[in-house]
Q: 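Have a look at this one.
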Number of protein chains: 2
Amino acid sequence: MSRSNGSCGNSNHLHLIKSEQDCKHCQSEKLCLAFGLGQEAVSEFKGIIKERGPYAAGDTIYRQQDQFRSLYSIQSGSIKTETVTADGRQSVMGFYLIGDLLGIDAIGGKTYPNDAIAMETTWVCEIPYKSLLNLFSGQPYLQQQFINRLGGKIHADEYSGKVIRNESATRRVMHFLYQLYWHQARDKGPTSRLHLPMSKQDLASFLGLTPESFSRTLTQLQKQGHIEKESHKVIVLLKTPPSAESGHIEILDIK
Amino acid sequence: MSRSNGSCGNSNHLHLIKSEQDCKHCQSEKLCLAFGLGQEAVSEFKGIIKERGPYAAGDTIYRQQDQFRSLYSIQSGSIKTETVTADGRQSVMGFYLIGDLLGIDAIGGKTYPNDAIAMETTWVCEIPYKSLLNLFSGQPYLQQQFINRLGGKIHADEYSGKVIRNESATRRVMHFLYQLYWHQARDKGPTSRLHLPMSKQDLASFLGLTPESFSRTLTQLQKQGHIEKESHKVIVLLKTPPSAESGHIEILDIK
DNA sequence: CGACGGGTTGACTGGATTCAAGCCACGTGG
DNA sequence: CCACGTGGCTTGAATCCAGTCAACCCGTCG
């Protein structure tokens, strides 16, 4: 299947860059699990993590059925997870952007439930899961931050399930774009120019659409004046996005 | 809105049955968070929980926007969570059966993201969240069990999202029935007679279908010889369900 | 150059929705 | 007791949105 193996794409992914972690590729300090910890706690945390990269587009971070040992925090770049459907097609399960925590769907199991594949040049921060658990006894705040992440993910997944179940293709797409807008605004400030790191067919798959339907939907949204397809990977929002209170986005003006 | 207020359905739900918890309504010891803990740890755990019930069908356990303070483990009965869609309809977010942990989608937030409503006579075990967190420092095993639950839920949500996105109505329905089969087999042993605690319209909503489509799908499955509608609330599986390795169910013979 | 894959567009099909009517079990009140 | 109303569920006919199949465009790469 597909190409792989950039600088870091081998399956046992043991390519360690530096022994002392300076998080130099990290563009997401504020989104780090360790953010807000005391000096001592942070260095303890840094003691267990390993910076890994660069992964090139198409490289795998882990594969389905690999032993679950680590979580991965995304320092820069972006990653998709995907798995195979009953009829043998690939289905994109999720996109992970800067600051997101990858691999938490493996918690409680022995192996990862899907493949994780870089969508562009990507640096991650590997967090060995057992070591992380060991830190919790001495660091209740870190523990709580972590559990909050899990809760947030559960909430987000349920919510996106709701969107998929109830909304039309157009609204699903706009919903995704708005989410991307707010995510992007969080670390780079608000811009109406949205950079799409993923291919359109991956995005279609994630939204439960065929590539054809997705393409049509985009052109339709453009005709209606909601977006503009600036380039292959860039979409411009032409109207101010609705605010995202508690992650929920209300779309009113689109059918 | 709908009726409410059975014996325990008032919004502040402070109806405490006993001060010393004997878990006497619990049909799910093996599924309890505290299962496998030592004697001392269990009694510490029992010290923070409160048994609540009985809730009658239609009673609310908590409402959207209520302050998040507790999780609820289901001792007996069943609960649905639901919320309102963009166009003002109710959408069922999830079903919670014996042993399931309710309210975890509120973790990390201030309020519950949806309403929780009993679907039949139901007893729950209220677990004050902060107290639970406090136990973790002294009980790493309990902590781990809890975190494993969260991970399992994330995994399950992602997986059911995959089913909703990729599968036809028929397969979605069969998928749900098989899941119910395995869930039921877990505590009551395997039976092909499935008891549906929820109304068909709730089930339809949960599966992303209209009540009409859902009804048609059932009759279609019956004609094809996969199921039999025994009664209002009971469906019989006519073929041996596929096994559920790691929660994933492979449906092969249905279009 | 030609092959290839990602993406777009068109014509057609089909599965699920919509709108409408009817059925059935249940509770209520005369 | 029955008449009646109600809500959950089912069935039918028409509609529509997204899927399917096919052709085509275009940039990339061998």
Side-chain angles (χ1 to χ4, degrees), chain A residues 1-3 56-58 80 82 85 87-92 117 119-120 163-174 196-224 227-235 254-255, chain B residues 1-3 56-58 80 82 85 87-92 117 119-120 163-174 196-224 227-235 254-255:
Chain A
M1 341 243 98
S2 69
R3 79 275 177 54
K80 68 175 171 182
E82 61 181 9
T85 61
D87 57 339
R89 286 182 305 214
Q90 289 287 87
S91 175
V92 174
I117 297 167
M119 298 189 294
E120 55 190 330
V163 172
I164 295 287
R165 282 197 307 270
N166 296 304
E167 311 282 8
S168 64
T170 349
R171 294 170 69 100
R172 274 185 243 177
V173 171
M174 283 313 288
L196 305 178
M198 70 290 292
S199 71
K200 309 221 161 162
Q201 52 188 4
D202 280 346
L203 189 37
S205 166
F206 177 67
L207 294 172
L209 300 171
T210 58
E212 296 94 322
S213 294
F214 177 72
S215 174
R216 277 186 253 275
T217 304
L218 277 189
T219 59
Q220 190 186 338
L221 282 168
Q222 181 158 18
K223 277 178 192 161
Q224 292 173 0
I227 64 167
E228 180 166 339
K229 291 186 273 183
E230 185 179 294
S231 77
H232 204 48
K233 313 233 96 182
V234 177
I235 284 180
I254 301 173
K255 193 189 168 201
Chain B
M1 352 240 93
S2 67
R3 78 275 177 53
K80 68 176 171 182
E82 61 181 7
T85 61
D87 56 339
R89 286 181 306 212
Q90 289 287 85
S91 175
V92 174
I117 297 167
M119 298 189 295
E120 56 188 332
V163 172
I164 295 287
R165 284 197 306 271
N166 295 305
E167 311 282 8
S168 64
T170 348
R171 293 169 69 98
R172 276 184 241 178
V173 171
M174 283 312 289
L196 305 178
M198 69 292 290
S199 71
K200 308 221 163 164
Q201 51 189 5
D202 280 346
L203 188 39
S205 167
F206 177 68
L207 294 173
L209 299 171
T210 58
E212 296 94 323
S213 294
F214 177 72
S215 173
R216 277 186 253 274
T217 304
L218 277 190
T219 59
Q220 191 187 338
L221 282 168
Q222 182 159 19
K223 277 179 193 160
Q224 292 174 0
I227 65 167
E228 180 165 339
K229 291 187 272 184
E230 184 179 295
S231 79
H232 204 46
K233 313 232 96 186
V234 176
I235 284 179
I254 301 173
K255 190 188 168 201

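In what follows, chains carry the letters A, B, and so on, assigned in the order in which the sequence lines appear, proteins first and then strands, with residues in each chain numbered from 1. What you see below is based on every heavy atom in this structure, not just the backbone, and it leaves out hydrogens, waters and symmetry mates. The structure presented is a predicted model; accordingly, all values stated were derived computationally and were not measured.
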Q: What distance do B/Phe214 atom CZ and B/Asp202 atom CG have between them, rounded to the nearest 0.5 Å?
A: 10.5 Å
Q: Checking all strands, does B/Ser213 fall into the base, sugar-phosphate, or nothing category for heavy-atom contacts under 4.0 angstrom?
A: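 Touches a base.
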Q: With a non-hydrogen cut-off below 4.0 angstrom, is A/Leu218 in contact with a base, only sugar-phosphate, or nothing?
A: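 The answer is nothing, as A/Leu218 stays clear of every strand by at least 4.0 Å.
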Q: Separation of B/Lys223 atom NZ from D/dT11 atom P, in whole Å?
A: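 Taking atom P of D/dT11 as the reference, NZ of B/Lys223 is at 7 Å.
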Q: Under 4.0 Å between any heavy atoms, over every strand shown, what does A/Lys233 touch: base, sugar-phosphate, or nothing? Just pick one.
A: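 Nothing, no heavy atom under 4.0 Å.
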Q: Calculate the interatomic distance between B/Arg216 atom CZ and D/dG12 atom C1'; express it in whole Å.
A: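 Those two atoms, CZ and C1', are 7 Å apart.
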Q: Roughly how many Å is it from CD in A/Gln201 to C1' in D/dG19, rounded to a whole number?
A: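 So the CD-C1' distance, A/Gln201 to D/dG19, works out to 16 Å.
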Q: Side-chain contact test, heavy atoms from C-beta onward, threshold under 4.5 Å: evaluate it for A/Gln201 versus A/Val92 and give yes or no.
A: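 Side-chain contact under 4.5 Å: no.
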Q: Going 5' to 3' on DNA chain C, which nucleotide is the first and which the last to come under 4.0 Å of a heavy atom in chain A?
A: C/dG6 to C/dA11
Q: Of the non-hydrogen atoms in B/Arg172 and B/Gly208, which two are nearest, and what is the gap between them?
A: NH1-O, 3.5 Å
Q: If only side-chain N and O atoms of A/Thr210 are considered, is one of them under 4.0 Å from the OP1 or OP2 phosphate oxygen of D/dG19?
A: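 Yes, because at least one side-chain N or O of A/Thr210 sits under 4.0 Å from OP1 or OP2 of D/dG19.
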Q: Using whole Å, report how far CG of A/Asn166 lies from C1' of D/dC17.
A: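 Distance check: A/Asn166 CG to D/dC17 C1' gives 16 Å.
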Q: When the distance from CG of B/Leu209 to C1' of D/dA18 is rounded to whole Å, what number comes out?
A: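 Rounded to whole Å, this separation is 15 Å.
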Q: If you compare all heavy atoms of A/Met174 against all heavy atoms of A/Ile254, which two are closest, and at what distance to 0.1 Å?
A: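 For A/Met174 and A/Ile254, the tightest heavy-atom pair comes out as CG-CD1, 3.3 Å.
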Q: Across the strands shown, which category fits B/Thr217 at heavy-atom distances under 4.0 angstrom: base, sugar-phosphate, nothing?
A: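 Nothing, no heavy atom under 4.0 Å.
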Q: Considering only heavy atoms from C-beta outward, does the side chain of A/Thr219 approach that of A/Lys229 to under 4.5 Å?
A: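 Side-chain contact under 4.5 Å: yes.
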Q: Is a donor from one side chain sitting under 3.5 angstrom from an acceptor on the other, for B/Asn166 and A/Ser91?
A: yes
Q: Measure from NE2 on A/His232 to P on D/dG27 and round the result to the nearest Å.
A: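 Distance check: A/His232 NE2 to D/dG27 P gives 10 Å.
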Q: Round to the nearest Å and state the distance from B/Gln222 atom CD to D/dC9 atom P.
A: 16 Å
Q: Between A/Leu207 and B/Arg165, which heavy-atom pair has the shortest distance, and what is it?
A: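 For A/Leu207 and B/Arg165, the tightest heavy-atom pair comes out as C-CD, 4.1 Å.
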Q: Could you check whether the side chain of A/Glu212 and the base of D/dC21 have a donor-acceptor pair of N or O atoms closer than 3.5 Å, going by distance alone?
A: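 Yes, the side chain and the base share a sub-3.5 Å donor-acceptor pair.
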Q: Picking from D/dC17, D/dA18, D/dT10, which would you name as closest to the side chain of B/Lys229?
A: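 Nearest nucleotide to the side chain: D/dT10.
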